[in-house]
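Contents: one structure, followed by commentary.
Hydrogens, waters and symmetry mates play no part in the numbers below; they use all other heavy atoms, side chains included. In the text below, chain A, chain B and the rest are named by the order of the sequence lines, each starting its count at 1. If you're wondering where the values come from, they're calculated on a predicted model, not measured in any experiment.
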Amino acid sequence: MCDHTENDEFAGEYAPRELSPVETLRHSFAHLLASAVADLYPGTKFGTGPHVEHGFYYDMQIPVPVSIDDLPKIEEKMREIAKGNHKFERFMLEREDALKWAAEAGQGFKAEIIEGIPHGKISFYKHAGFTDMCAGPHVNYSSKLKHFKLTAISGAYWRANDQNPQMTRIYGVAFEQKEELEGHLKMLEEAAKRDHRKLGKELELFQITQEYGGGLVLWMPNGAFIRKTIEDFWRDEHLRRGYNFLFTPHVAPATLWDRSGHNQNYRDSMYSPMEVEGQMYQLKPMNCPFHIGVFNHRQRSYRELPLRYAELGTVYRFERSGALHGLMRVRGFTQDDAHIFCTRETLEAEIAGCLDIAQTMYQTFGFPDYKVELSVRDAKNSKNFLGSDEIWELAESTLAKVLESRNIPYTRVEGEAAFYGPKIDVKVIDAIGRVWQLTTVQLDFNLPERFDLGYIGADNAEHRPIMVHRALLGSLERFFGILIEHYAGDFPVWLAPVQAKVLPLSEKFLDYGRDVVQSLRNAGLRAELDVSDEKLGYKVRRAEMEKVPYALVVGGREAETRTVGVRKRKDGDLGSMSIEAFAERLADEAKNKVR
RNA sequence: GCCGACAUAGCUCAGCCGGUAGAGCAGCGCUUUCGUAAAGCGCAGGUCGUCGGUUCAAGUCCGACUGUCGGCUCCA
């Protein structure tokens, strides 16, 4: 699981490989960057410089501190070199000669890479007097390197291991066409505008402060309302699918976490124990042991399976301070968790049920596109995985079968399964094309053993149930963060904390405004009155900025005819409507969860 | 935790080469009673993240710490 990227990255430096034209371009940019840095900062030692999703980076050890302010200078140097129209020339050296080159050039990281290459010649590229060991391929002339921008600088560990020296990583984005680069930069701008931390503050959705603990979320009224609405919907969907709800404690005796294996396998993410009357307790990092406790309450019969236990369970996991990030990465969060205990015969139907409810979620929250991964064990290293070949084969083939029967395209990832079972992960694509992991459906062959789970079958013998662990939205905190950015804060009517804001033209119409608000509230809608002593234009502007779906203007005309002047967020004036007609329209939108 | 940057009013930000703080918005008050994205005037609001150092004098220079941001690592 952990060595995968490392091997990939280094394979790239020597193994023959196929890159697409745009990947080749991006990889060439990495070398252009390296040559610029070598020029500006003599003595720089180079690590690796791969292409990444929208561009490239290069990890280097630069002898002087370099900050983001130096990027324009480096970028300029890159453009200068690129314009020189240098040829990228490839040449090969024998291993010993390559090592000699690395020693002479003081390129220790390259030497390390060469040492990892078992045999064969080593490939080098040279352009503009700069030589770098690299498998390539590259574009033929530097003049093809045009549309790029250096975007970030950061620390990165050599070979992604925090025991190794830290290098400076410079990131850039690069595209074949100018328009693509511009589009991408615009997307980044748009992403910054949608930043959930910024919107969270502006719209008063949540707060995370040092005083109340880093990574611990205070849901403020607007955010709390949205969460409650999400939870209500979530519970309704579970109820109709035959789930039972649980509530379980936030702490448990350390002995429970010993039995579950968390103290052995999940230690790094758990908080220190606290003593209660001589017994040690720990905050829960997961809900599973409690759900198992409920299952184990008494002897189970095959007739009552499958049992589906669901809980919006709040868990606590230690995260290093540098890893915290708004709502996306926190120390206390609520999983939309469930554990299903079933037999082999019903496993397929249960997995299908999980995907079905997951798809309902994506559809409702407006994520039409998603990617699915099926993580299976590495059959060559079956001893690293717990459970018999037979159960693994059944489990993997069942997961694949469900995906296929539902016509869900998926990628099969060998060796990415957890040691205790295979899983299906789903990543949704948001409004500006970013990918977010949401759903995970995992089979667990470990905990049923550890807790000796059993049920009595039709044959009157005891059998081990199959345990499915699944979360659809992942965590409510993270999902809320994703949702804020997906909608850019413009929540649809069914989620909006305030659905309509009534704007009296002047104080004279406050009374009629109150009537309107009350009528809407009586119809089960969420309306508020703007009582400020401001002109209409100002109130309209504020309603827009507060991202309230509808603003209702009430003045003399409206008061006389018992109507409201309807203004839809972003779309503007829709004309006047009777209070009842508007209430109906709003209720309809809310009911149908119109986006 | 590591690398780099940053930390000034509730928010967004000015404050050059050191001379004991400034704007806009928000808030409050008064005037205004207004027709679809900002009416006018006034008031109040900060021991400039914390601690230490240099200096006659420190938001301003130096150091440490804390936090935030971009990454790394990890991951819901």
Side-chain angles (χ1 to χ4, degrees), chain A residues 1-2 5 57 59 61-62 65-71 151-171 192 195 197-198 201-202 204 208-211 214 266 268-269 285-287 313-337 425 436-440 470-482 503-510 532-546 551-558 565-576:
Chain A
M1 200 183 233
C2 27
T5 43
Y57 69 77
D59 284 349
Q61 215 169 49
I62 305 175
V66 175
S67 79
I68 192 149
D69 302 323
D70 298 308
L71 294 186
T151 51
I153 184 162
S154 77
Y157 300 107
W158 171 238
R159 296 194 156 172
N161 181 339
D162 63 9
Q163 303 303 307
N164 285 340
Q166 185 148 24
M167 314 188 61
T168 302
R169 173 173 298 180
I170 296 179
Y171 280 94
D195 191 315
R197 293 164 300 183
K198 177 175 168 281
K201 197 183 276 186
E202 286 171 7
E204 301 192 324
I208 301 172
T209 60
Q210 187 49 28
E211 192 179 1
Y266 211 69
D268 291 348
S269 296
M286 292 189 193
N287 303 303
T314 304
V315 298
Y316 299 88
R317 297 184 187 173
F318 171 71
E319 293 289 349
R320 298 196 281 184
S321 57
L324 300 174
H325 179 92
L327 291 174
M328 303 300 187
R329 228 19 218 299
V330 294
R331 284 177 171 162
F333 58 96
T334 304
Q335 292 183 307
D336 68 318
D337 214 354
D425 287 329
W436 302 98
Q437 156 103 47
L438 243 49
T439 301
T440 182
R470 78 40 346 177
L472 306 173
L473 308 176
S475 94
L476 289 179
E477 284 74 7
R478 206 171 88 102
F479 182 68
F480 187 40
I482 294 167
L503 314 180
L505 190 57
S506 76
E507 278 175 12
K508 288 186 212 159
F509 309 106
L510 273 174
S532 67
D533 178 19
E534 296 285 354
K535 290 167 74 166
L536 183 63
Y538 183 89
K539 294 180 189 180
V540 166
R541 175 181 151 82
R542 184 155 61 186
E544 283 283 339
M545 292 201 308
E546 285 169 354
L552 305 176
V553 175
V554 294
R557 295 202 295 267
E558 288 79 11
V566 180
R567 186 183 207 281
K568 191 170 184 192
R569 172 179 60 199
K570 288 171 154 179
D571 294 354
D573 199 348
L574 298 186
S576 66

[N] versus [M] - spacing of their [atom1] atoms, nearest Å:
{"N": "G15(B)", "M": "U8(B)", "atom1": "P", "answer": "13 Å"}
{"N": "G46(B)", "M": "C11(B)", "atom1": "P", "answer": "14 Å"}
{"N": "A37(B)", "M": "U32(B)", "atom1": "P", "answer": "25 Å"}
{"N": "G1(B)", "M": "U47(B)", "atom1": "C1'", "answer": "33 Å"}
{"N": "G4(B)", "M": "U20(B)", "atom1": "C1'", "answer": "33 Å"}
{"N": "G59(B)", "M": "G22(B)", "atom1": "C1'", "answer": "12 Å"}
{"N": "G45(B)", "M": "G29(B)", "atom1": "C1'", "answer": "15 Å"}
{"N": "C48(B)", "M": "U60(B)", "atom1": "C1'", "answer": "10 Å"}

Could you tell me whether the side chain of [X] and the main chain of [Y] form a donor-acceptor pair under 3.5 Å?
{"X": "R470(A)", "Y": "D336(A)", "value": "yes"}
{"X": "D573(A)", "Y": "R567(A)", "value": "no"}
{"X": "K198(A)", "Y": "A192(A)", "value": "no"}
{"X": "T439(A)", "Y": "L472(A)", "value": "yes"}

### Query
Reading RNA chain B 5' to 3', what string of ( ), [ ], | and . shows its pairs, if Watson-Crick and G-U wobble pairs count only when both distances fall under 3.5 Å?
(((((((..((((.....[..)))).(((((.......))))).....(((((..]....))))))))))))....
### Query
What heavy-atom pair brings Q335(A) and R317(A) nearest, and what distance separates the two atoms?
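Nearest heavy atoms, Q335(A) then R317(A): NE2-NH2, 3.3 Å.
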### Task
Could you tell me which non-hydrogen atom of V553(A) sits nearest to which non-hydrogen atom of E558(A), and how far apart they are?
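For V553(A) versus E558(A), the nearest heavy atoms are O-CG, 3.5 Å.
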Interatomic distance where [atom1] belongs to [X] and [atom2] belongs to [N] [whole Å]:
{"X": "L71(A)", "N": "A5(B)", "atom1": "CG", "atom2": "C1'", "result": "11 Å"}
{"X": "F480(A)", "N": "A76(B)", "atom1": "CZ", "atom2": "C1'", "result": "16 Å"}
{"X": "E546(A)", "N": "C11(B)", "atom1": "CD", "atom2": "P", "result": "18 Å"}
{"X": "F318(A)", "N": "U73(B)", "atom1": "CZ", "atom2": "C1'", "result": "12 Å"}
{"X": "R317(A)", "N": "U73(B)", "atom1": "CZ", "atom2": "P", "result": "20 Å"}
{"X": "D59(A)", "N": "C3(B)", "atom1": "CG", "atom2": "P", "result": "15 Å"}
{"X": "I170(A)", "N": "A5(B)", "atom1": "CD1", "atom2": "C1'", "result": "14 Å"}

Check: [Y] and [X] side chains under 4.5 Å, non-hydrogen atoms:
{"X": "F318(A)", "Y": "R331(A)", "answer": "yes"}
{"X": "V566(A)", "Y": "L552(A)", "answer": "yes"}
{"X": "F479(A)", "Y": "L438(A)", "answer": "yes"}

### Message
On RNA chain B, compare the nucleotides closest to S475(A) and K201(A); which residue's is nearer the 5' end?
### Response
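Of the two residues, K201(A) wins.
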### Query
In B/S/- notation, 5' to 3', how is nucleotides 32-41 of chain B contacted by protein heavy atoms closer than 4.0 Å?
BBBBBBBB--
### Query
Which letter, B, S or -, goes with each nucleotide of nucleotides 64-71 of chain B from 5' to 3', with contact meaning a protein heavy atom under 4.0 Å?
---S-SBB
### Task
Look at all strands and tell whether E319(A) reaches a base, only sugar-phosphate, or nothing, counting heavy atoms closer than 4.0 Å.
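Since a base atom lies under 4.0 Å of E319(A), the category is base.
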### Task
May I ask you to say what V315(A) touches in the nucleic acid, namely base, sugar-phosphate or nothing, with a heavy-atom cut-off under 4.0 Å?
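No contact.
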### Query
Is the glycosidic angle of G45(B) within 90° of 0, making it syn, or outside that range, making it anti?
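Anti.
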